[in-house]
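Report on the structure given below.
Below, chain A is the first sequence line, B the second, and so on; all start at residue 1.
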There are 2 protein chains.
Amino acid sequence: MDDLGQSDSAEREDPRIRATRIQDVAKLADVSTATVSRALATPERVSPEARARVLEAIAKTGYVPNPAARSLRSQKTFMVLVVLPDLSNTFFSKILRGIEETLFDAGYGMIISDLDGSPAKEAHFAAFTAAGRVDGAILLNGHLFGQSREGEGQPARIAIPLVALCEAIPGADIPQIEIDNRAAASRMTQHLASLGHRRIAYVSGPASNILERERFLGFKDGLEAAGLPFDPAFVIPGDYTIESGVAAGQGLVARKTRPTAVFCTSDEMAIGLMRTLLSAGLRVPEDISVAGFDDIEFAAVAEPSLTTIHQPRRELGQAAATVLIDLLQGRPTRKQIRLETELVIRDSVAPAG
Amino acid sequence: MDDLGQSDSAEREDPRIRATRIQDVAKLADVSTATVSRALATPERVSPEARARVLEAIAKTGYVPNPAARSLRSQKTFMVLVVLPDLSNTFFSKILRGIEETLFDAGYGMIISDLDGSPAKEAHFAAFTAAGRVDGAILLNGHLFGQSREGEGQPARIAIPLVALCEAIPGADIPQIEIDNRAAASRMTQHLASLGHRRIAYVSGPASNILERERFLGFKDGLEAAGLPFDPAFVIPGDYTIESGVAAGQGLVARKTRPTAVFCTSDEMAIGLMRTLLSAGLRVPEDISVAGFDDIEFAAVAEPSLTTIHQPRRELGQAAATVLIDLLQGRPTRKQIRLETELVIRDSVAPAG
DNA sequence: CAACCCCATGTAATCGATTACATGCAACTT
DNA sequence: AAGTTGCATGTAATCGATTACATGGGGTTG
């Protein structure tokens, strides 16, 4: 079961067969390497006969151009870096899929950088992009990287096209793809208020997060629009994770004056919070209504099913990738794209009792 | 809000500053390019003074080696391809994180290929690896790719190191990292039986899937060990998704003779199924016990919380990456690694009433 | 003192594609 | 018929790093 020797056999059976090169194809098709290259890149500039011979030779040899050589010469990698704060977060996976499929269709590959809160990783990937290893990057982490901290002299970096997705990057002059977090949060707050809720708690994201700041403003907007006062005591700190939702729930259970509705700024927190309330014998939504944000897959099958704000995650990914590709290929792009959200009404919110 | 002109300004402000090359560093440090290269790759072969001058020059210029050039010459990319069937599946995200962090620490980057059931994508990535664009690959999709279908002649591919993760690949002579699906399924089945359940239903994965085949065998093992007969009527088809769990639940609700326990081979299905049962007025676990498999994040906060099989997902990813790196660096590796699973007992399973 | 070795370093070939420039031929113009 | 145009193609420079081989100087050994 625990055989060793894998590498030995690998060494034996692998005499490093040199892959087919453009020269081999050229020889076989009886043309020059330039013609082979042109037959692939600009077929219209090659005679039909030569092209046919080249294609036949390629089919016969299974030739695939060496990307390192191509990249070295043409200064293009056809690779895009996707920077995100936490790869294991449910919220990102569908966005990634939208990005991947769009990039794929345009012939680009995707390299993922999971920052994981590590400045070292961030510096590494900053160098990575500077080294020209990717043609462009999509930033989901809310800030640019490598603020000229290392080299003292003139860094002389190559500036590659960047796009910010979900988390807008304030001072940066790059396209932003996002939803209107403020408006969505306001809408949810007003929805709760319209059902008669007067004591509405708010479970926040990390204070430094731009999404949090927008949603918090939206929450206050909503209160104001509904003529409700803002009470700081009803703001509960969170960080978008299930665990922080659980913790927020525990805090609520212990209170004397409970809110009648809780607006969680992520579905993960809402699900964790509901769990805690239910365990403590409270009923959702009869005793407390709970609302979420994001509309992840599990929102619809939570018990009770979760009223939330739907984000078009796949489309967000697609839009960001599309904009980046436009940028890479020199087409004009929009500076800001805001996709529509939707208020999804399910069972976790009921009229105030 | 919808400004155009991004690309115009990009063209203006971007005179394609050429990045620092090894020559620039060499000139500045007053040594040859060979010495610069050696100072980085084999510092012990360079005099301390020269090394110091080189490092200083590098710091001053912010030099980063051009990866395309390096890769072209050395035939290494320091990139690993991760092939998976569905990037948006919750189950994979934590595995990916384990892979990414391990690769990162070893200086490798990660390229993700989401096959999405598309043979075209599969062929593309087969060519991709063949083109030497990555040094190795981790396969999470249960089979090798590109079975010599395209070129008629001798494909003459470069064989790169591969590792199979989670889904073992039968005929392939590559390292396998997985859990013992059969034993785990058997264990869960026996757990249910030990609580007095005699009518145990099984919600399957896709029939073609190797995980499914193993788990199904384990289910039968468990029944046999408990002295229970196998009844095909209690096998309900599924495909690991929430939706198929919902569908399976609808089927159950409609039955006259219901099982007293349901073993779902994924947590997603279990959660979807519980949701349907609850909506139909059945109680979990009082009327029907439900068990899952995987122990995803949401299992602990489902209502009721889900009894399931814990898979060490992050560790699986780390193990696969570690083995691949060993392979890439010529160290001997184990052919098969099986990580331990754990039976996690929560509230969705109760003794048979 | 001569012969040898080793170490640090430099010179230049090399990886495999793209592409600027050169060439030669055919077709068209006046 | 001479000149012009344009197309298909070939030749060779080029991208930037790695590395085999060459070189020269200092130290060791017989």
Side-chain heavy atoms of [X] within contact of [Y], under 4.5 Å:
X       : Y       : value
A:Lys94 : B:Asn89 : no
B:Leu40 : B:Tyr63 : yes
A:Arg53 : A:Leu28 : no

What is the distance, rounded to the nearest whole Å, between atom [atom1] of [X] and atom [atom2] of [N]?
X       : N      : atom1 : atom2 : answer
A:Ile22 : D:dT11 : CD1   : P     : 14 Å
A:Arg70 : D:dG16 : CZ    : P     : 18 Å
A:Asn66 : C:dC15 : CG    : C1'   : 8 Å
A:Lys76 : D:dG16 : NZ    : P     : 15 Å
B:Leu72 : D:dT18 : CG    : C1'   : 10 Å
B:Arg45 : D:dT19 : CZ    : C1'   : 11 Å
A:Gln23 : C:dC15 : CD    : P     : 9 Å
B:Arg51 : C:dC7  : CZ    : P     : 15 Å

So does [X] get a side-chain nitrogen or oxygen closer than 4.0 Å to the phosphate oxygens (OP1/OP2) of [N]?
X       : N      : result
B:Arg73 : C:dT14 : no
B:Ser47 : C:dT9  : yes
A:Tyr63 : C:dA17 : yes
B:Ser32 : C:dT9  : no

Minimum-distance nucleotide (side-chain atoms of [X] versus [options]):
X       : options                : result
B:Thr35 : C:dG10, D:dG16, C:dT18 : C:dG10
A:Ala50 : C:dT18, D:dA17, D:dT9  : D:dT9
B:Gln75 : C:dA17, D:dG16, C:dG16 : C:dG16

*Given A:Leu87, which of A:Leu115, A:Leu96, A:Val82 fulfils the side-chain contact (heavy atoms from CB on, under 4.5 Å) condition?*
A:Leu96
_Residue whose nearest DNA chain C nucleotide is more 5′ - B:Asp30 or A:Ser74_ = B:Asp30
*So which one's nearest nucleotide on DNA chain D is more toward 5', A:Glu44 or B:Ala69?*
A:Glu44
*asked:* Taking any heavy-atom pair under 4.0 Å as a contact, classify B:Val36: base, sugar-phosphate, or nothing.
replied: nothing
*asked:* Using only modelled atom types and a 3.5 angstrom limit, is any donor from either the side chain of A:Arg38 or the base of D:dG10 paired with an acceptor on the other?
replied: yes
*Taking atom types as modelled and ignoring hydrogens, do the side chains of A:Arg21 and A:Gln23 form a donor-acceptor contact shorter than 3.5 angstrom?*
no
